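Structure first, then comments.
Residue numbers count from 1 along this sequence. Keep in mind that what you see is a predicted model, and the values were worked out from it rather than measured.
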Amino acid sequence: MEEENRYYLRDLLILSGVISIAVLAAELIHFRNSENIDIVDRILIYVYYTVPLVVLFLILSYFYRNRRNLETGRLKSSIRYRLSLSFLFIAMLPSFPVFLLTSNVIGRVFEGFYGLDIAQALEAGDHFVRKELDLEKNNLLEKAKLFRNLVQRQNPNPNLLTNRANELDLISNPNYYVGWYDNNIPTLENRSLKLTISPEEFTSFGTEGISEKLVLSQNLGFYLLKIDSLNPTKFLILGKRVFQGEESKAYSFINTRKNYITADLAKEKLPYEVRLTITLLTVFAFLLSIFFSLVFARKISRPIIDLANATQKVSLGDTDINLPLTEGGEIGALVESFNQMVKDLKSKNEELMHSQRIAAWKEVAQRMAHEIKNPLTPIQLSAERIRRKLTSEVPEEFQEIVTKGSETIVGQVKILEHLVNEFSEFARMPAPRLINQHLEPVVLESAKLFEHTPGIQIELNFAKNLPEIFLDKKLFLGIMNNLFKNALEAIEKRRQRGDSGFFQGKVRISTVLEKRIMRRSVVLLVEDNGIGVSPEYRSKVFEPYYSTKEEHVSGIGLAIVQKTVIDHNGHISVDSSELGGCKFRIELPVA
């Protein structure tokens, strides 16, 4: 619990640092060139910078925890980060519409992130558009002034207007428009304009009796000047085509600027007090959601983590575990079921161990009786033969019979002595003294004993940067020597069979680091290209006094290897190798 509290304190300090970085980034990026920013917009911008950084921090912490779990094999509360992210997402999802209502700062935030000022860019674009129109405007204005005297007479003569337009080459030129309007209806025009014109939309620009308007569509653009007559229902419109070939781009730009200005003017429609109240409530709800997400995530994840760690201890053989029942509901039922399961498992293990001990001693007694019976038979026969010859009438053969019989008796007694010694050795194998050390030097020391064996190639493939493991060097050297000898004997047996295509014996030693949740292991592989073991015999090779070799051996070597591996809290198995022979796989937990 204290360790978990330290993790929470560390996360709280990091979270405070992330918020500080967000505030600093907002000041440097967003407020650097801004003045007169009210407190509401400032707080909301801080929130906009803080939220993605906090979420990024939680995501990175989650992946970091998972990686550390794989590297160390110790389960940390990575589920807490997943739950926190879920709670934060649920809390923030309804908050964003509130942010949109309380302030028009989203555009500014993006402008600040990318170093853009959209309003300034649009103003600059409008400047170039107006500059482009100035040449057309001045040219058309001079022509409009020539028409103004004719239009502002008491009764303007359309024929005089037509003649003046011809003189100025406006009628035949397709880039110009001339139209005489009465009651907003063109009564005389050189061509159809194909644009909707409303006199009220024209704006004055300082020249008496003349107003202007820019009319744009996707494929047509005209700059128009309206010349008023003395009759308010009649007027003359002169126009010149602009942005030829670029009408759609000009239309898009001018509409974009118009929409941006409209949206910008609407940003202060909510009263300041309302925006401030909603902002404070939103920020308070956001902070409250962070606090409760961490509290609820810890409340949910803590029993699960304790249960997972307890499960790992049970898998290593520790059954003296009883988790405290601090939760109700499904979690409490799960913890209670786990405690009951551990109690039942402990009871079953005791019964099983007792049964196994009885069965093991029965099997040992049967095997020893069988092994002892084999040499006793020739001893008995030799003794009976000596006794018969003792009473024989042919004394010259007695010395030969006694010599051979005594040799048989002595040889078989040595076999009995060897069996008893091996049985005693297996029964009183020393307890391992495990020291945290690297596996590679131990394997190399054993390999050097066999590297000069004729016709044998030893290949070593060690993984880099393997962690240390708990080993008893003396006992593990016995494991490696036994496996090496078995490999050499299997290779020699294949060579004696005379298999076609068999040229040189090969023994391959490999190591690899395996990472799993809550567990890391160093795996040692010993492979050879010998005779191999058929699948039906693989389950028996580790049984005491079982051997596939034809000559008389005890069959206790691999049983000792298995017991030593188990004493190292490891696991050993046998399978076929891609080299053609056996592959022994030893898995040892990382310290």
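- In this structure, CZ on Phe476 lies 5.0 Å from CG on Leu439, to the nearest 0.5 angstrom.
- Scanning both residues, Ile531 and Arg494, for their nearest heavy atoms gives N-CB, 4.0 Å.
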TODO: Just do the side-chain contact (heavy atoms from CB on, under 4.5 Å) check on Val526 and Asn486 with the steps written out, would you?
DONE: CA-CA 11 Å; Val526 181; Asn486 281 351; over 6 Å; no
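- The side-chain heavy atoms of Phe462 and Leu444, taken from C-beta on, include a pair separated by under 4.5 Å.
- Minimum interatomic distance between Gly455 and Arg495 (heavy atoms only, all atoms of both residues): O-NH2, 3.4 Å.
- Across all their heavy atoms, Val442 and Leu477 have their closest contact at O-CD2, 3.5 Å.
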- [ ] Walk me through it: do Glu451 and Lys448 pass the test salt bridge (charged side-chain N to carboxylate O under 4.0 Å, His left out)?
- [x] CA-CA 5 Å; Glu451 63 182 357; Lys448 287 181 180 179; over 6 Å; no
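- With hydrogens and angles ignored, the 3.5 Å screen pairs no side-chain donor or acceptor of Asp528 with any backbone N or O of Val507.
- Taking CG of Asn436 as the reference point, atom CD1 of Ile469 lies at 9.0 Å (rounded to 0.5 Å).
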- [ ] Walk me through it: do Glu468 and His438 pass the test side-chain contact (heavy atoms from CB on, under 4.5 Å)?
- [x] CA-CA 5 Å; Glu468 294 182 340; His438 287 287; 3.5 Å; yes
TODO: Quick one: do Arg508 and Leu525 satisfy side-chain contact (heavy atoms from CB on, under 4.5 Å)? Show the steps, please.
DONE: CA-CA 8 Å; Arg508 177 191 294 167; Leu525 301 175; over 6 Å; no
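- Residues Leu588 and Gly570 come closest through the heavy atom pair CD2-CA, 4.1 Å.
- Counting non-hydrogen atoms of neighbouring residues, nucleotides and ligands closer than 6.0 angstrom, the CD atom of Glu459 exceeds 12 such neighbours.
- Minimum interatomic distance between Ile321 and Ala310 (heavy atoms only, all atoms of both residues): CD1-O, 3.7 Å.
- Pairing each heavy atom of Thr511 with each of Ala463, the nearest pair is OG1-N, 3.0 Å.
- Taking OG of Ser577 as the reference point, atom CG of Asn529 lies at 8.0 Å (rounded to 0.5 Å).
- Val522 places a side-chain heavy atom less than 4.5 Å from the side chain of Leu513.
- Atom-to-atom distance recorded for Leu524:CG and Glu440:CD is 11.5 Å, nearest 0.5 angstrom.
- With rounding to the nearest 0.5 Å, the separation of CD in Glu527 from CG in Leu483 is 12.0 Å.
- At least one side-chain heavy atom of Ile586 sits under 4.5 Å from a side-chain heavy atom of Ile479.
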TODO: Take Thr453 and Phe484, measure what side-chain contact (heavy atoms from CB on, under 4.5 Å) needs, and give me the verdict at the end.
DONE: CA-CA 11 Å; Thr453 304; Phe484 265 118; over 6 Å; no
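- Note: Phe542 and Phe584 have perpendicular aromatic rings, judged against thresholds of 30 and 60 degrees for the angle between ring planes.
- Within the model, atoms CG of Asp575 and CZ of Arg538 stand 5.0 Å from one another, a figure rounded to the nearest 0.5 Å.
- Two residues are said to be in side-chain contact when any heavy atoms from C-beta on lie closer than 4.5 Å; Leu488 and Phe450 meet this criterion.
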